[in-house]
K.L.:
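Structure incoming, see below.
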There are 4 protein chains.
Amino acid sequence: MLAQKAASMLPSQCPAGTRLHAQPSGESVMASVFDDVRERSLRLVAPLSPEDCVVQSMPDASPAKWHLGHTTWFFEQFVLAHAERGFKPFDDAFAYLFNSYYNAVGKRQPRPDRGMLTRPSYDEVLAYRCNVDERMRTLLHRGDLDADANSIVEIGLHHEQQHQELLLTDIKHLLSKSPLLPVYSDGPDPDPVDPGAAWNWRRFGEGMREIGHARDAGFAYDNESPRHRVFIEPFEIADRLVTCGEYIEFIEDSGYDRPELWLDEGWTFVTQQKLRAPMYWAVQEGWMDIDKGRQYTLRGVRDIDLAQPVTHVSFFEADAYARWRGARLPTEEEWETASRDTPNEGVFLESGALHPQASGDARADAPLRQMFGNAWEWTGSQYRPYPGYEPPSGALSEYNGKFMSSQFVLRGGSCATPGSHIRRTYRNFFHPAARWQFAGIRLARSVS
Amino acid sequence: MLAQKAASMLPSQCPAGTRLHAQPSGESVMASVFDDVRERSLRLVAPLSPEDCVVQSMPDASPAKWHLGHTTWFFEQFVLAHAERGFKPFDDAFAYLFNSYYNAVGKRQPRPDRGMLTRPSYDEVLAYRCNVDERMRTLLHRGDLDADANSIVEIGLHHEQQHQELLLTDIKHLLSKSPLLPVYSDGPDPDPVDPGAAWNWRRFGEGMREIGHARDAGFAYDNESPRHRVFIEPFEIADRLVTCGEYIEFIEDSGYDRPELWLDEGWTFVTQQKLRAPMYWAVQEGWMDIDKGRQYTLRGVRDIDLAQPVTHVSFFEADAYARWRGARLPTEEEWETASRDTPNEGVFLESGALHPQASGDARADAPLRQMFGNAWEWTGSQYRPYPGYEPPSGALSEYNGKFMSSQFVLRGGSCATPGSHIRRTYRNFFHPAARWQFAGIRLARSVS
Amino acid sequence: MLAQKAASMLPSQCPAGTRLHAQPSGESVMASVFDDVRERSLRLVAPLSPEDCVVQSMPDASPAKWHLGHTTWFFEQFVLAHAERGFKPFDDAFAYLFNSYYNAVGKRQPRPDRGMLTRPSYDEVLAYRCNVDERMRTLLHRGDLDADANSIVEIGLHHEQQHQELLLTDIKHLLSKSPLLPVYSDGPDPDPVDPGAAWNWRRFGEGMREIGHARDAGFAYDNESPRHRVFIEPFEIADRLVTCGEYIEFIEDSGYDRPELWLDEGWTFVTQQKLRAPMYWAVQEGWMDIDKGRQYTLRGVRDIDLAQPVTHVSFFEADAYARWRGARLPTEEEWETASRDTPNEGVFLESGALHPQASGDARADAPLRQMFGNAWEWTGSQYRPYPGYEPPSGALSEYNGKFMSSQFVLRGGSCATPGSHIRRTYRNFFHPAARWQFAGIRLARSVS
Amino acid sequence: MLAQKAASMLPSQCPAGTRLHAQPSGESVMASVFDDVRERSLRLVAPLSPEDCVVQSMPDASPAKWHLGHTTWFFEQFVLAHAERGFKPFDDAFAYLFNSYYNAVGKRQPRPDRGMLTRPSYDEVLAYRCNVDERMRTLLHRGDLDADANSIVEIGLHHEQQHQELLLTDIKHLLSKSPLLPVYSDGPDPDPVDPGAAWNWRRFGEGMREIGHARDAGFAYDNESPRHRVFIEPFEIADRLVTCGEYIEFIEDSGYDRPELWLDEGWTFVTQQKLRAPMYWAVQEGWMDIDKGRQYTLRGVRDIDLAQPVTHVSFFEADAYARWRGARLPTEEEWETASRDTPNEGVFLESGALHPQASGDARADAPLRQMFGNAWEWTGSQYRPYPGYEPPSGALSEYNGKFMSSQFVLRGGSCATPGSHIRRTYRNFFHPAARWQFAGIRLARSVS
C-alpha cells in the first residue's frame, strides 16, 4: 500500500499544471536520461513508509528522505540557481538542510543529525522533487543550458546514481536494526548455481599501462583523471570473486583468531568489535551458526548460498582472507589492467537481484567473471590523487579530492550500482572498516 | 491537516465492529477515566506527523510512537494477559518492542535503539491501541476485574499520564533539534502579568511532621510510602517560583563563571557543556543575547517573559542559583510540609498553556503560589527509599525502587503534568544534569 | 634499601642547620602531633621507590609524591602564608602543582594530569617537606599562632591523615596494575579466626536522636555539623561486618546475574564492567575461581580468608548483597545511633595489618563489633548537608560542601585510616561505583 | 647530577667481573657498532631522572625506561635465546613486560599501560642492559654467530636506533606536559642564519626509475624491498624545507580557518582539536601570539626562529600548507628520485642540535638542501607494500608489514635520527594526525 502511495507520486503524476503539456519529439537525450534517473530514486523508496525514510541508523548512513532531498538540491543549487531566470529557491531552508558537505556553499545540517529532520515531511520532499524536476525539464527541453551547465547536469545525474546505491545500503542497515527484520523487496530466489571448481588464475605480464580516464572518452569523475602511464610488474588475478563457501573455510580455520593474518589496525578492529563473520550473517549467542548459516538480505532472512560471492566485508577482512590464501588484493592499477577486455556487464541495480549472484561455469578462455556488478572489489590501493590530478574549480572541487586520505579504492560496482554508472576507470572509496556496502573480494598475486 | 488525520483515529472512530454498541448507563468510573486518559495521549500526538513520532532525539528521550505503544503494552501485559479469557497478544513481537525496563517480563529493545523502530507503523500502533482499548473496555464494563487487577489498571492510567508528560518533553526536545524550529501548538500568548515585588518568605516552625502517603488515602505510588514521622527544623520557603528575570540577574552577575557557587559535579557539567543559560534559551554565537532574549517553546520561538518562572534548568543550576541568593533548595520533607494548606491547583497540561505562567500578585496571607503545576521544583533531597519502604511484588517491583541512586527528587508537577496525576506526596526524580523537563526553582533557607 | 633511603629522610634527619636546636620541655601538644602525623606520611612511602611515587594509575588516584607535596602545600598556603613574617613560598610553582581543587586559591594542575609531574623530583619534594616542617615547627614552638591559625593547623593534620589513607589505596591500585603484583609490605598473616555463627541482630527502638557533631566536642569537619535532631524509626543492625565467606554465597547464588537484586544504575555498572567479584579478587578466564580464591593485597597475593570482612566492593554491590539477604544498608543516622556505646577501637592504619581482620567471637551482650576500623561501611544515605549546614568561610569552604551530590556516605574508618582520625560523627563519601577504597558491608533492617 | 649518575652506569662501568677482560685487537666491527649504539641510548637518558623515565604521557608514547628494556629484550629474545648455550632469561617476566607487539612471541603488557611499570626499577633495567650487553659481547667476540644471527643483530641495532628517536620525541612530549617546561639539554643556540630568498624549484623529467633497496646494497628493512621499476611523470621539488616564517604566513592568511585548503579528515581533526599552529608553539589564551612567538624545544622555551624549518606538523597541516601554496607534497617515489645525487648529510642526532636548523644559502647548482636530517618529510604516499613485497619469516615478520594501512610515508630522517640509520630508500610511516615527531614539509608540483 505504501509502495502504491509513493508510486502514485512518480514524476509523471506531479500535480496537474506543473507538467509540461507537450513533449516535443526532438526531446534531448539528456532530458530523457534525467527522467529515468530521477524516477529510479522514487522507485527505490516505493517499498518504504515515510517513517522508514526519516530515521538515521548510524552517523555514516543518511535517511532515505535526505537522499531524495539532497539529490534534488544538487540540481537546484548547481544548475537552476545559475541557469534559471529569476531563480528563487523552492524553500530558503533547504540549502541548509540538504547540503551534504560543500563548505563553499554555506552552512549545513551536521551529518550525524540528518535523522532529526522530521520536517519537511516526506510528502513535501516529493513535492520539492516534482517542482525542481519540472523546472529542470523546462531548461532541458528549451536547450538553454550551455556546455558548463550541461556538464553539471551530467554530474548531477551520476551523483544521484551514487546516492541510489547509498540509499539502498543505508536502508538495508536501518531495516537490519529492526527486531522484525523486515523484507524490503520480495521475490523468488535465483536458481542455485554450481559453484564449480576453484577459481582460475589469469596472468598479466609486465609493462607500461595507461591508467585512468582519457579526456575525450565520455563522462568520468575528476578523480579518474588524468590518464597516465604506470609500469606494472607481472601479476595474476582470480577470474571470479571469493564465494561464501570459500570464506567459511577461513572462518573455520580460525581466521578471526589469528593475529598474524591481519593488519595491525584490522586486528584491533575485529577484536574490539568482536567480529566473527561478514556483516548481516546470522549469529547465535555471539557465535555464528555455520551449518545452518542464515543472513539478513534486502529480501529478508535467507540461507547463505555457498556459491554466491561473499559481501559486506571490510577491507581488513578482505586483506586477511587474501593473506590466509597466500595471496593478496590487486592494486587498482592491476584491476584496471585486468578489466581491459571484460565487457561492462553483470548483476546491477536494474536486475532487481539486490544481492550478489553466483557466477556460471568458468572456461579457461572466457573473460574474467564478475568484474562488474555483484560486489565492489576492495583493492590494495589507498585512495590518493593520480599524478597531475586537479580538482574542478568552484564548489564541485569538494566532490572527490578532499576525501583522499585513509580510505581504500574499490572497483567494479555492485548489485546496488546502476549499470550505466560504472566504468573501468571508476574509483569508489571507503574507510577500511566500512562493512555496510556490497563489497567483496577478488584475489591477486605477484609472479616473477 | 496532520492533526486532523490523527484526530480521525481517536478511539471513538475505531474501525466499525470493534466498538461496544451500547454504553450502559452504569458504566464504571474507571472505564470513563480510562477513556479520558487514553484519549488524552492521542490528542497529544495530533499535531505530529508519523515522521515526528518515530525519531529518537537522544538516548534519554523516546519516540512518541514508542510512548503510545508502551503505554498500551502495559495494559495488555499486566491486565489483559492475566484477566482476559483465552488471551492472545495482539502481536507477539510487541512485548519485545514495547517493554521499557521490566527485566522480570523478558528481553526488550535497548533504550537507545527505540528510534530504530520504523516498524510497526504509526497506523499499526494506533490500531494496537484501538484493539487493546476495546478489550480493556469489555473487561471494565463487565466488572470482571478483581481488586488486584483494578489496582493495576489504576497504576496503568497513572503510568500513562507520566508518559504523557514525557511525550511532550521528548517532542519538545526533538523539534528543537530541527533547524526549522517548528511550532507544536499555536495559540495566543497569555496576557502579561506584573511580576510584582520580590517573593515573600513563609516561615514554618520546628516540629515532628508526617511525611508520605497514608495507606487509605487513595492512589499513590509505592515510593510515597510508608507514611512516617520526620523531625523538621524551622525553615522559610519562598511563596513563588524564581522568575526568568531573577534568573537573568544571576547570569549577568557571572553566575555561570564563578566556581564557588557550584557543586563540584555541577561545575564540571556546565563548563564541559559550555552552558550559559537554561535549555532552549536563544543564544547567538555561543553567547546568550539577554536584551533580546528569545527561547524555543512548544508554541515556537518566543520572547522570554521576565515574569514567568524559569524552567529547563538542571538541579546544578537550581542549586547554584540558590547559593548565589544566599539561600538553598528546600528538602522534599520541607516542601511537603509547606504544601499542606495549598490547594492542588495550577497550570497543568489541561490548560493548554504548555509553558509555566506568571503568578498573580502575592498577598501576605495567601497560600503559597505555584506549588502545583507550572514547573517541577528541584528539592535538595536525593531520591532514596522512605524508612520501611517495600517495593511491590512481581514485575511492578521494578517500577520505582530500582532508580533510587544518584537522582534528586522534584515535587509539585508542571505545565505538562495532567492535573489529576499530581499529589502533595508525589515524588518525581531525575538525574541532576537533566534539563529537558519543565523543572524550576523555589528557594528555602534555614532559620533559627 | 629504598625503605632505608626514605627513612633516612625522616624529619629528624633534615639537613643540618634547618632543625631547631633545642626542643623546649614545654613543647606544645600540637607540635608533637604535627611531628607524628608528618612522619607517618613518610613511613608510608618508605617501601616505595621514586618511580612508584610518580605514576598515576587512574584519574581518581593521585601519585604518592603528589600526596606528599599537596599536604605540605596545605600548611604553606593556609598557615605559613598568613602567619609567617616575610613569608616567601619555597617554590613559586608549587602552588600550581600541588593545589588540589581550591578554586579560590588559583589555577592548578588538572587532576588527571598529576601523573605528568616527574619534576620536581621525589627528593625535592622531601626537601620541600623538610623546609615547611621546620618553618611550621618554629611557629608552633613560639606559640605565635592565633586561634584561627591553630584551627587551620588542626585541619591540616586531619587533612594529611585523609591523604595517608588515599595514598595507601592509590598505591594499592597502582601496584595491582603491575604484572609483577609486588608486595608493598611483608609480614606474617594474622592467625586464622573462627568466623563463628551468623551475625546477631541488635535492635534500636524508635526515638528522637541527636546526630552530628556538637560545637564544643573537639575537632570535626564542617560537614558533621550542626548537631541536630532526627526522628528514627525502630531498626535492627548486624553486630559485625559481612565476611568474604558470606559474600561468596551471594556470588554462588548468581548474585551478579540477577537484575532484580540491583539498583538500575548498579546493574548497568556491573554488566558493562563485567564484574563478578570484589576488586582485587583473583579471576581466571573472566570467572572467579572460588575454591582456590586468591586476592591481591598490600602484602601481595594471598588466599581469601573466609572469616575476614569482604572489602573493595562498590555501594552497588553492598546494596545488592543486602537486598539478596532480605536486608538493607543502614542510614548514616542509624549507624551513628548504633555506634553510641561502641568504643572507638579497631584495626586501624597503626596496626600495620593493611587489610580488614576477622572479628573474635560474638557475645550477645557485647558491643557491636568492627564499627571502627577494618572497613568503611557503605550507608544507604546520599551525601547531603545537614539541616542548617554552613560551609566555613574562605578557601576552606571548598573542603567538603561542594561534593554534596551523587555520592554516598561511609562511616567508621578502615584498616587504612589513622586511628586518631575517626569519630562517631565522621562522614566519608564516595561515588557509588568506587571500589578502590577499603569499603565493606554491614546489614540493617526495618522492624515494626 | 642525574646525568652523572646515569653516565656512571655506561657499559664500560658495568659492575666489575662482568666485563670482558681483554679486547682482542681483531674485534669485530659489529661488536664495536654494538657498543656505540647501546651506549648512545644511555647517553640519551643521562639528563633524565628515573621518574622522568617511568611515566607514559600518552598512549602513542612509551616511557624511556620501557625503550631501554625493550631494545635489550630484542637482543635477548631474538639473538641470545637462539645462539647462547644454556640460555636462561635474565628475568622470566621481562618477555611479558618488554615485548612490544610480536604476537608470535607471546602475550605482553598492553601498550597504553606501559606507564604502569614502576617495577622493575630504572636501576634494574640498567643492570639488565649490562647483563645482556656482556653476553652479547661474548658471542660477538667469539664470532660464534651464523649469518642469520648476525643479520638479526644488525636489525636489532637499527631497531635500537629507531627507538632512540622515539625515546627523544616521547620525552619531549612528556616534558612539555610539565608546567615547569624543563630543559632536557642545555647549550648555546645556533648562530642565526639568513633565510635568504624563497626556495628554488628543481625539475626532474619523466622516466622509468628504480625505487627501493637492491638486494646486495647493505642493510635495509624489509619494507624497502624489492627494488622495482616505477614510471614517474615530470615534477618539480623545492630545494629546501618550508621555514617557520613561511608557515606563519599560512597562519596569518587564516590557513586554519579555510576548509577548502584541507582534506576532509584533516579539517575535522584541526577543528575538533582546535589547532592553530604547530605542536609546541606557544599559545596565549587559546590563541598563538605570533609577534612574540615562542615554542617549547628540548632546550627549553625558545623564540621561534623564522629561518628554521617548521616541524611538529601533522600530515594534514603539511598537505593544507602545500595546497595553499598552489603546490602539493612529493610522492615517496619522487622524493627518492630527487635524492639520488644528494649526499646523506645533515643535522642528525649526533649533532646535539635537537632541533631542525636553518639551511645556508641556496645556489642554483647545489644539491637539494636538507634532504637528510633536520625534519622528516611528509610525502603524499600512503604506506603500502611495494610490488612483490614479502615480509620476513618468523616473529620479525611483524616488524613492518602489519602497519601498512592508514599511515603516510615520511622520508629523510630528522635531527633526532642517528645519522647511520638513514638511507635514501628508508620508509618511515605515521598516522596523518601524528604531530609529536620532528616532521616537516617539502613542496613539490606536477609539470607538463
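Quick note on labels: first sequence line is chain A, next is B, and so on, each numbered from 1. All of these numbers come straight from a predicted model, not from anything done at the bench.
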K.L.:
Do you know which of D:L97, D:L174, D:L175, D:V54 has the most heavy-atom pairs with chain C at a distance under 4.5 angstrom?
P.N.:
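Winner by heavy-atom pair count: D:V54.
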
K.L.:
Which heavy-atom pair separates C:G115 from D:V55 by the least distance, and what is that distance?
P.N.:
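Nearest pair, atom of C:G115 first, then D:V55: O-CG1, 3.4 Å.
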
K.L.:
Mind listing the closest non-hydrogen atom pair of D:P120 and C:E51 along with its distance?
P.N.:
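D:P120 and C:E51 have their closest heavy atoms at O-OE1, 4.3 Å.
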
K.L.:
Can you tell if the side chain of D:S178 reaches within under 4.5 Å of the side chain of C:M116, non-hydrogen atoms only?
P.N.:
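A side-chain contact under 4.5 Å is absent here.
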
K.L.:
Kindly give the heavy-atom pair with the smallest separation between D:R119 and C:L48, and that separation in Å.
P.N.:
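Nearest heavy atoms, D:R119 then C:L48: NH2-CD2, 4.2 Å.
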
K.L.:
For each of C:A93, C:C53, C:S121, tally heavy-atom pairs with chain D at distances under 4.5 Å, and name the one with the top tally.
P.N.:
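The answer is C:S121.
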
K.L.:
Applying ring-ring contact (aromatic ring centres under 6.0 Å, His included), can you list everything that pairs with C:Y296, at least two apart in sequence or on another chain?
P.N.:
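For C:Y296 there are no ring-ring contact (aromatic ring centres under 6.0 Å, His included) partners, ignoring immediate neighbours.
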
K.L.:
Just jot down the ring-ring contact (aromatic ring centres under 6.0 Å, His included) partners of C:Y280, sequence neighbours excluded, or say none.
P.N.:
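Scan of C:Y280 (ring-ring contact (aromatic ring centres under 6.0 Å, His included), adjacent residues dropped) gives C:H312.
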
K.L.:
Excluding sequence neighbours, so at least two apart, what forms salt bridge (charged side-chain N to carboxylate O under 4.0 Å, His left out) with C:R108?
P.N.:
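Scan of C:R108 (salt bridge (charged side-chain N to carboxylate O under 4.0 Å, His left out), adjacent residues dropped) gives none.
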
K.L.:
Among residues 62-71 of chain C, which ones touch chain D with a heavy-atom distance under 4.5 Å?
P.N.:
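Within residues 62-71 of chain C, the residues that come under 4.5 Å of chain D (heavy atoms only) are C:K65.
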
K.L.:
Where do C:L117 and D:P179 come nearest, in terms of heavy atoms and distance?
P.N.:
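That closest heavy-atom pairing would be CD2-CD, 3.6 Å.
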
K.L.:
Rounded at 0.5 Å granularity, tell me how far CG in C:L180 sits from CZ in D:F94.
P.N.:
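The distance works out to 7.5 Å.
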
